[in-house]
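For reference, the structure is listed below as structure tokens.
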Amino acid sequence: MAAAVAAGPGKELAELLGDGAVLDRPDPVYTRDATETRGIEGHADAVVFPASAEEVGRVLAWCYEHDVPLTPRGGGTGFAGGAVPVEGGVVLVLDRLDRVRAFEPLLWRAHVEAGVVTRRVQQLARENGLVFPPDPGAPEQSQIGGNIATNAGGPHAFKYGVTGRWVTGLEAVVPPGEVISIGGPFRKDVAGYDLKSLLIGSEGTLGIVTAAWLRFIPAPEAAYPVVGLYTGTADGCGAIERVVGSGLVPAAIEYLDGFALDAAGAAFPGALPTDATFMVIAEADGSLEEAARLRDELVEVLGEGSVAVVTPEPTELWRWREGVAFAVISLRGGKSGEDIVVPLDRLAEAIEETVEIGRRHDLQACSWGHAGDGNVHSNFVVDPHDEAELDRARAGAEELFAMAIRLGGSISGEHGIGWTKRGWLDRQWGTRAVELHRELKHVFDPKGLLNPGKKI
Ligand SMILES: Cc1cc2nc3c(=O)[nH]c(=O)nc-3n(C[C@H](O)[C@H](O)[C@H](O)COP(=O)(O)OP(=O)(O)OC[C@H]3O[C@@H](n4cnc5c(N)ncnc54)[C@H](O)[C@@H]3O)c2cc1C
């Protein structure tokens with residue numbers, strides 16, 4: 001936790017929040033996020049640790065009065081540099097807003113503060129026979145506020161949708177420092193403009209989320225993953241299209257290409273055929289009967305054209321799947337990863353072109369991701385200390401974004417624009433749509449102090 005401060009903006013902020021809630025010699029841990037492994041770092045004049053929405057409001061009001069930029073920070077697991085303070089100023093850490101204000105399992109809902117860690121919400125639901133479906137891959141560290149600010153997805157978004165679908169109410173602090181409340185513990189609300197959806201996914205550029213009402217559903221009785229292995233991208237993507245075309249609705253449809261499979265395969269919970277160069281993971285869930293029937297159908301459909309189909313135990317499989325990014329990072333110490341989206345019928349092209357773009361830039365490239373959503377995590381393996389290689393990875397990323405747009409998709413399916421994709425919204429969207437973004441930003445944040453340099 002923070003130490004008391006003596007000078008600089010930290011002194012005044014400490015008067016607002018009390019001793020121990022401000023750092024004026026920021027620890028680098030608060031000026032980086034998961035883009036650290038691609039060499040991205042910011043700088044800050046102070047780091048603050050408010051403990052309530054009202055204290056968040058005081059900090060924002062102080063920043064507004066003194067024209068100081070403010071960057072909200074959740075768990076720092078973002079892959080777009082969104083929590084990196086690129087223009088200095090104050091980093092506002094939400095760790096201390098970590099209370100579960102209400103949990104009502106019989107009504108399938110909870111009211112939690114923004115700093116509650118994602119895994120805690122998932123566990124709370126599970127222990128009570130419920131499920132909170134969003135499952136982004138760093139749940140031990142990411143926070144509900146960060147998930148909402150990025151509208152995070154994950155493997156099970158194929159059937160259950162992204163974080164925003166599970167939020168019924170928001171408490172947020174907006175410039176110049178007021179606490180607002182939108183929605184609540186009710187499931188339908190068309191009374192006003194949809195400000196809740198506007199804040200969700202706004203990456204801390206319109207307001208600071210301080211609490212949310214979340215909704216849950218009863219946990220499915222059973223979940224059975226089915227893993228198909230193929231000798232090429234065409235066969236693997238063909239199998240994915242066959243699953244969807246058959247009208248089957250798995251909870252998740254994931255893939256790994258050959259390079260990612262090589263990097264992570266040794267730890268896979270089960271035997272893998274040596275000639276497999278593409279993996280498809282689907283999961284059947286529902287009542288015992290429904291899940292078993294769907295599992296059998298998936299085994300049949302994924303089996304066509306495969307070299308093997310295996311059915312690992314779900315907890316082990318998903319723990320392994322969460323480790324894929326780390327297995328790739330461990331190869332050379334870093335990776336530059338993007339999260340482009342393409343229409344499902346262009347998935348094979350995006351996967352193959354990712355490798356081709358890497359080759360053009362003399363980079364090892366691979367991808368994995370949420371196949372059913374067409375969400376491709378295209379990665380270049382890098383040494384984070386090799387500046388020339390990082391430059392080539394940046395140039396490669398530009399080509400990935402251009403490819404996503406050319407194939408009729410989007411530059412981001414779940415990580416957001418942040419800092420790494422700055423400027424690209426203008427190329428994906430038309431002039432007037434981007435102008436509307438700027439006008440909205442101005443309405444919320446007329447001084448442009450909330451997470452400057454991000455999103456637009
Ligand atoms: C191994 C690994 C796997 C991942 N897998 C997935 C995945 O499957 N799907 C996915 O979507 N993401 C994934 N991510 C990315 C990341 O976990 C998500 O983007 C997550 O939602 C970020 O949450 P955070 O609390 O760490 O936010 P941070 O990184 O701290 O911040 C992210 C953005 O949100 C803003 N922000 C944070 N908290 C608030 C708040 N309370 N109010 C307003 N703005 C705020 C920040 O300013 C920043 O712009 C993965 C990351 C890692 C490291």
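Whatever order the structure lists ligands and atoms in, that order sets their numbers, starting from 1. Every heavy atom of this structure was used, including side-chain atoms; hydrogens, water molecules and symmetry mates were not.
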(message) Determine whether K454 and R422 satisfy the following criterion, side-chain contact (heavy atoms from CB on, under 4.5 Å), listing intermediate values before the conclusion.
(response) CA-CA 7 Å; K454 314 291 171 55; R422 62 192 178 281; over 6 Å; no

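Protein residues with a heavy atom under 4.0 Å from ligand 1 are P72, R73, G74, G75, G76, T77, G78, F79, G82, A83, L94, A114, P136, G137, A138, S142, Q143, G145, G146, N147, A149, T150, A152, G153, G154, E203, G204, G207, I208, V209, F326, H370, E414, H415, N451.
At a threshold of 4.5 Å between non-hydrogen side-chain atoms, the residues Y160 and W166 count as touching. Between N147 and P136, some side-chain heavy-atom pair lies under the 4.5 Å cut-off.
Inspection of the S378 and E338 side chains reveals no N or O donor paired with an N or O acceptor under 3.5 Å.
For K335 and F79, the positive end sits near the middle of the six-membered ring, less than 6.0 Å away and at most 45° from its axis.
In this pair, F278 and Y255 present their aromatic rings parallel. The plane angle is below 30°, not in the 30 to 60° band.
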